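All values reported here derive from a predicted model rather than from experimental measurement. Just so you know, these numbers use all the heavy atoms, side chains as well, and skip hydrogens, waters and symmetry mates. Numbers here simply count residues along the sequence, with the first being 1.
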Amino acid sequence: MPLPAYSALLLVGFLGGVHCIGMCGGIVGALSMGAPASIAIHLAYSAGRLLSYACAGALAGGLGEASMAMAGQWPVRTLLYLAANLMLIALGLHLMGRSQAIVLIERAGARLWHHLQPLTRRYLPARSLSQAFRLGVLWGWLPCGLVYSALATALTSGSAWHGAGLMLAFGVGTLPNLLLAGLLATRLQARLSDPVVRLGCGLVILGFGVWGLIGVVGLSPLPA
């Protein structure tokens with residue numbers, strides 16, 4: 001995968017923080033439940049979350065590689081790129097308040113989360129790095145349109161290694177917002193709910209998707 005793909009997902013993870021805070025900000029803020037905020041606890045939680053992202057990315061990348069090998073490179077590759085960039089456009093529109101498509105996609109993953117959510121109660125409040133890490137591993141599978149958008153890109157990577165790497169880049173991009181959410185939860189949530197902030201972040205992510213759709217044309221075979 002070219003370096004721009006990793007850079008793009010890193011930026012998507014960062015800009016998508018306005019959605020990320022809404023999905024994960026509550027659990028991050030509740031990690032200590034009234035105890036003094038610990039940066040080590042929050043880092044352990046994020047390490048677990050990133051591990052789950054990397055595993056999901058490896059699965060997506062491996063699935064994409066197998067699909068292209070079985071069905072022929074060009075048609076499947078084009079469809080995967082198309083789906084990935086449509087997901088980015090849907091996410092951008094959602095952040096701008098123009099579409100609820102991402103919410104519908106998140107509901108599709110709710111069945112898995114229904115089985116995992118009860119396990120998270122064992123680790124709240126997190127009093128040790130081990131508890132925080134395990135909670136992060138579980139929370140990494142929370143149905144989230146932002147994560148699904150990144151996974152759609154990992155699906156096009158053509159290998160499990162690149163899929164895992166792309167999801168790690170995305171996860172690192174989410175770190176600043178979620179770490180700040182744990183330490184300055186109320187203040188940060190108010191800031192990121194600003195319509196101007198959401199509009200700006202949404203426009204940039206939507207731009208990534210539109211640019212990607214233009215690039216799909218380049219994947220088409222040239223006429224003889």
In residues 168-176, what donor-acceptor pairs under 3.5 Å come from side-chain atoms, sequence neighbours left out?
from, atom 1, to, atom 2, distance (Å)
Thr174, OG1, Arg49, NH1, 2.9
Thr174, OG1, Arg49, NH2, 3.3
Thr174, OG1, Gly171, O, 2.6

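Linking Ile, Leu, Val, Met, Phe, Trp and Tyr residues whenever their side-chain heavy atoms come within less than 4.5 Å places Leu93 and Leu82 in a single cluster. When the side chains of ILVMFWY residues are joined at heavy-atom separations under 4.5 Å, either directly or via intervening members, Trp211 and Val12 end up in two distinct hydrophobic clusters. Both Phe14 and Val147 are part of a single hydrophobic cluster, where members link through side-chain heavy atoms under 4.5 Å apart. Leu50 and Leu10 fall within a single hydrophobic cluster, where Ile, Leu, Val, Met, Phe, Trp and Tyr side chains are chained together by heavy-atom contacts under 4.5 Å.
Of all heavy-atom pairs spanning Arg127 and Gln131, the tightest one is N-OE1, 2.6 Å. When all heavy atoms of Leu88 and Ile205 are compared, the pair lying nearest together is O-CG2, 3.5 Å. Tyr6 approaches Leu166 most closely through the heavy-atom pair CE2-N, 3.5 Å. A pairwise comparison of heavy atoms in Gly140 and Tyr53 identifies O-CE2, 3.5 Å as the closest pair. The two residues Asn85 and Gly209 have their closest heavy-atom pair at CB-O, 3.5 Å. The minimum heavy-atom distance linking Ala154 with Met167 is given by the pair CB-CG, 4.2 Å.
Ser130 meets the side-chain hydrogen bond (donor to acceptor under 3.5 Å, both in side chains) test with Arg134; sequence neighbours excluded. Leu116 meets the side chain to side chain contact (heavy atoms under 4.5 Å, CB included) test with Leu112, Trp113, Leu119, Leu138, Trp141; sequence neighbours excluded.
A heavy-atom distance below 4.5 Å is found between the side chains of Leu51 and Phe133. Side-chain contact between Leu151 and Leu59: absent, with no pair of heavy atoms (C-beta onward) separated by less than 4.5 Å. Side-chain contact between Leu86 and Leu213 is present, with heavy atoms from C-beta onward closer than 4.5 Å. Pro143 is listed as a side-chain neighbour of Tyr148, based on a closest heavy-atom distance under 4.5 Å.
Distance check, rounded to the nearest 0.5 Å: CE of Met96 to CG of Leu206 gives 6.0 Å. Atoms OG1 and OH, on Thr156 and Tyr81 in that order, are 4.5 Å from each other to the nearest 0.5 Å. In this structure, Phe208 CZ and Met87 CE are separated by 16.0 Å, a value rounded to the nearest 0.5 Å. Rounded to the nearest 0.5 angstrom, Leu91 CG and Cys144 SG are separated by 8.0 Å.
With Ser157 contributing its side chain and Gly163 its backbone, the two residues share a donor-acceptor pair below 3.5 Å.
Remark: His114 NE2 is loosely packed, at most 12 non-hydrogen atoms of other residues, nucleotides or ligands lying under 6.0 Å away.
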